[in-house]
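Here is the structure we will look at.
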Amino acid sequence: MRVQVTGPYINFLLGGDYLRETISAALKPGFGNLPPCDTRVVLEHTSANPNGPLHVGHIRNSIIGDTLARTFRKGGRRVDVQYYVNDMGRQIAIVVWGVEHEKDEGGNPKGDHHIARLYIAANRSLERDPGITAQVDALMQRVEKGDTEIQKKFREAVSECLEGIKETLRSMQVFHTKFVWESEFVRNSDVDRVLGRLRKLDQAREGATLSLDLSEFGFGKPYILRRSDGTTVYAARDLAYHTWKGRNFDRVIDVLGSDHKLIGGLLQTTLGLLGEKQPEIVYFEFVSLPEGSMSTRAGKFISADELIAQVTEKAMEEVTKRRPELAEAERRAIARSVAIAGIRFDIVRVSPEKSTVFNWKDALDFERQSGPYIQYAHARACSILEKGGDFTPAFSFTTEGEIRLAKQIARFPAVINSVVETLRPHLLATYTRDLADLFNAFYRDNPVLKSEGTVRDSRLALVKAAQQTLRESLETLGIDALSSM
RNA sequence: GGGCUUGUGGCCUAGCCUGGACAGAGCGCCGGGCUUCUAACCCGGAUGUCGGGGGUUCAAAUCCCCCCAAGCCCGCCA
């Protein structure tokens with residue numbers, strides 16, 4: 001290492017040994033993996049109500065959550081990823097009422113879309129005739145009391161919707177290890193037990209309802225846990241779920257929309273009062289439409305399925321334009337990967353605290369700063385390596401392009417670590433984009449296959465290291481690292 | 001009304017926690033580059049009161065205070 005003074009700054013220049021070491025590490029599979037660690041992490045994300053398909057707002061949750069899960073695993077953590085299924089709230093009772101009373105006008109045959117149409121229709125009926133509210137209330141009471149016939153109806157409606165949601169998640173390469181049904185905590189009496197403990201808190205206020213007075217913690221309004229008709233609210237069931245998570249895992253992480261900030265704070269405070277582990281909550285701001293915020297109830301949303309279909313179609317056009325010689329099935333497969341890369345990268349690259357407005361033009365743009373741009377850099381690297389054939393890695397880096405690329409590669413494990421520490425997955429996205437930029441700059445100024453001797457072996461080693469690092473980064477972002485596109 | 005978050009060229013975004021080298025990219029715009037490792041790429045150019053005003057500091061996009069604007073929350077919904 002050399003030290004140089006420039007004006008008021010002292011620059012520490014990293015020498016050849018450092019680059020040799022890291023580039024040689026990057027040549028091995030699994031570059032960027034952090035040492036395994038025994039901490040058991042449970043990460044909850046998406047958990048959208050099963051009253052309709054995932055829309056472009058929900059998938060910000062899914063993509064942030066899935067990217068965090070992948071990064072944690074790369075960081076050596078053991079991670080359980082859970083989707084908490086709300087299968088007994090008021091919204092689901094409305095769905096069940098809709099299944100019984102509404103007619104489906106037809107459209108996308110997927111179960112989640114079918115359920116959404118009934119849910120939207122039921123809400124319209126509810127607006128016209130407030131008397132229906134009593135019927136919905138009755139459904140909620142019967143399901144909570146354990147009426148098996150009604151429970152079956154709830155389960156069937158929820159399952160139908162959930163199957164559609166699962167299909168959407170799979171197509172985005174978002175994976176959960178477990179779907180936890182809320183009603184489980186009512187059935188196994190965890191909710192009763194946690195209510196029993198809550199009742200004994202100094203902050204408990206019990207009359208017709210059971211609530212907590214958390215004003216000493218800055219929460220102005222009572223935290224209602226049980227309705228006057230005896231049924232529990234979501235908050236109570238969520239407390240039971242988080243108590244269970246806290247007792248079975250070392251770290252509990254939730255990814256939630258910023259509209260949950262207040263209830264997230266109430267949840268954390270209450271768990272603290274009970275002496276249970278408090279979850280770490282990652283909040284993200286909303287995705288809205290140019291005409292305003294999305295609403296499943298009002299039918300005002302762009303579904304993830306529609307987004308994926310449109311982006312895939314655009315990707316197919318692009319692939320066909322560039323690679324007309326490929327068979328259709330092959331083009332189709334590339335288009336699917338490119339589409340998911342476009343969608344996932346576009347969402348994960350923005351810091352979570354920034355609210356965004358969805359627009360089709362940007363969603364369909366595969367140019368610079370996009371996921372496909374990074375995939376393309378990776379594919380170019382693969383192509384050079386394929387043409388280069390066997391080589392003996394050398395580590396002599398002298399040009400500016402070589403050194404800057406090598407340094408960026410070297411940063412990768414630190415980036416994984418910082419995402420794990422800060423729970424900010426966009427850091428990985430910007431890192432990967434910069435890596436692709438630096439690879440392109442290197443590619444432009446440093447001929448690889450035409451060079452000779454040590455220069456060629458060094459550059460091939462660098463290309464290989466860059467390709468591996470791009471692949472590891474892309475896979476951690478849930479994006480396919482295509483070798484040809 | 002109260003709370004939380006955001007405000008960076010026409011558009012979009014990184015940097016803000018941990019203050020320092022000309023505020024980095026991208027889109028769009030103007031002008032170039034495919035007999036040369038994949039042009040989903042690259043090069044050059046124009047475009048910035050870092051929302052506004054105070055303050056702290058040798059030094060502020062970054063820290064503090066006030067103001068303005070936008071989004072979200074303030075249900076016996078989730």
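Side chains are part of it too, since the values below use all heavy atoms of this structure and drop only hydrogens, waters and symmetry mates. Letters A, B, ... are given to chains in the order of the sequence lines, protein chains preceding strands, and every chain is numbered from 1.
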Side chain of [X] - closest among [options]:
{"X": "A:Arg444", "options": "B:rC43, B:rC74, B:rA78", "result": "B:rC43"}
{"X": "A:Lys450", "options": "B:rU36, B:rC74, B:rC42", "result": "B:rU36"}
{"X": "A:Ile334", "options": "B:rC27, B:rA40, B:rA14", "result": "B:rA40"}
{"X": "A:Ser293", "options": "B:rC42, B:rC72, B:rC37", "result": "B:rC72"}
{"X": "A:Arg349", "options": "B:rA14, B:rA40, B:rC12", "result": "B:rC12"}
{"X": "A:Gln91", "options": "B:rU36, B:rC12, B:rC77", "result": "B:rC77"}
{"X": "A:Glu285", "options": "B:rA78, B:rU5, B:rC27", "result": "B:rU5"}
{"X": "A:Arg368", "options": "B:rA40, B:rA78, B:rG26", "result": "B:rG26"}
{"X": "A:Ser351", "options": "B:rG26, B:rA78, B:rA14", "result": "B:rA14"}

> Does A:Arg380 count as lying over the ring of A:Tyr443, i.e. NZ or CZ under 6.0 Å from the six-ring centre, within 45 degrees of the axis?
Replying inline: yes

Heavy atoms under 4.0 Å, any strand shown: does [X] hit a base, just sugar-phosphate, or nothing?
{"X": "A:Arg237", "value": "sugar-phosphate"}
{"X": "A:Arg226", "value": "nothing"}
{"X": "A:Val233", "value": "sugar-phosphate"}
{"X": "A:Ile263", "value": "base"}
{"X": "A:Val338", "value": "base"}

> Nearest nucleotide by nearest heavy atom, which residue falls closer to the 5' end of RNA chain B, A:Leu427 or A:Arg322?
Replying inline: A:Leu427

> On RNA chain B, nearest-nucleotide positions of A:Ser47 versus A:Ser370: which is more 5'?
Replying inline: A:Ser370

> Starting at CD of A:Glu353 and ending at P of B:rC16, how long is that distance when rounded to a whole Å?
Replying inline: 10 Å

Any [X] side-chain N or O less than 4.0 Å from OP1/OP2 of [N]:
{"X": "A:Tyr443", "N": "B:rU36", "answer": "no"}
{"X": "A:Arg227", "N": "B:rC77", "answer": "yes"}
{"X": "A:His426", "N": "B:rG15", "answer": "yes"}
{"X": "A:Arg380", "N": "B:rA39", "answer": "yes"}
{"X": "A:Tyr373", "N": "B:rC42", "answer": "yes"}
{"X": "A:Lys361", "N": "B:rC27", "answer": "no"}
{"X": "A:Thr356", "N": "B:rC12", "answer": "no"}
{"X": "A:Lys354", "N": "B:rG7", "answer": "yes"}
{"X": "A:Arg456", "N": "B:rC37", "answer": "no"}

> Judged by atom type as modelled, is there a donor-acceptor pair below 3.5 Å linking the side chain of A:Gln468 to the main-chain atoms of A:Leu27?
Replying inline: yes

> Between B:rU13 and B:rA23, how far is it from one C1' atom to the other, in whole Å?
Replying inline: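 To the nearest whole Å, 13 Å.
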
> According to the interplanar angle, ranging from 0 to 90°, do the rings of A:Trp360 and A:Phe358 count as parallel (below 30°), tilted (30 to 60°) or perpendicular (above 60°)?
Replying inline: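 Plane angle over 60°, so perpendicular.
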
> Do A:Asp437 and A:Tyr373 meet the criterion of a side-chain donor-acceptor pair at a distance under 3.5 Å?
Replying inline: yes

>> Strictly below 4.0 Å, N to O, side chains only: are A:Glu330 and A:Arg332 in salt-bridge contact?
In response: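 Answer for the salt bridge query: no.
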
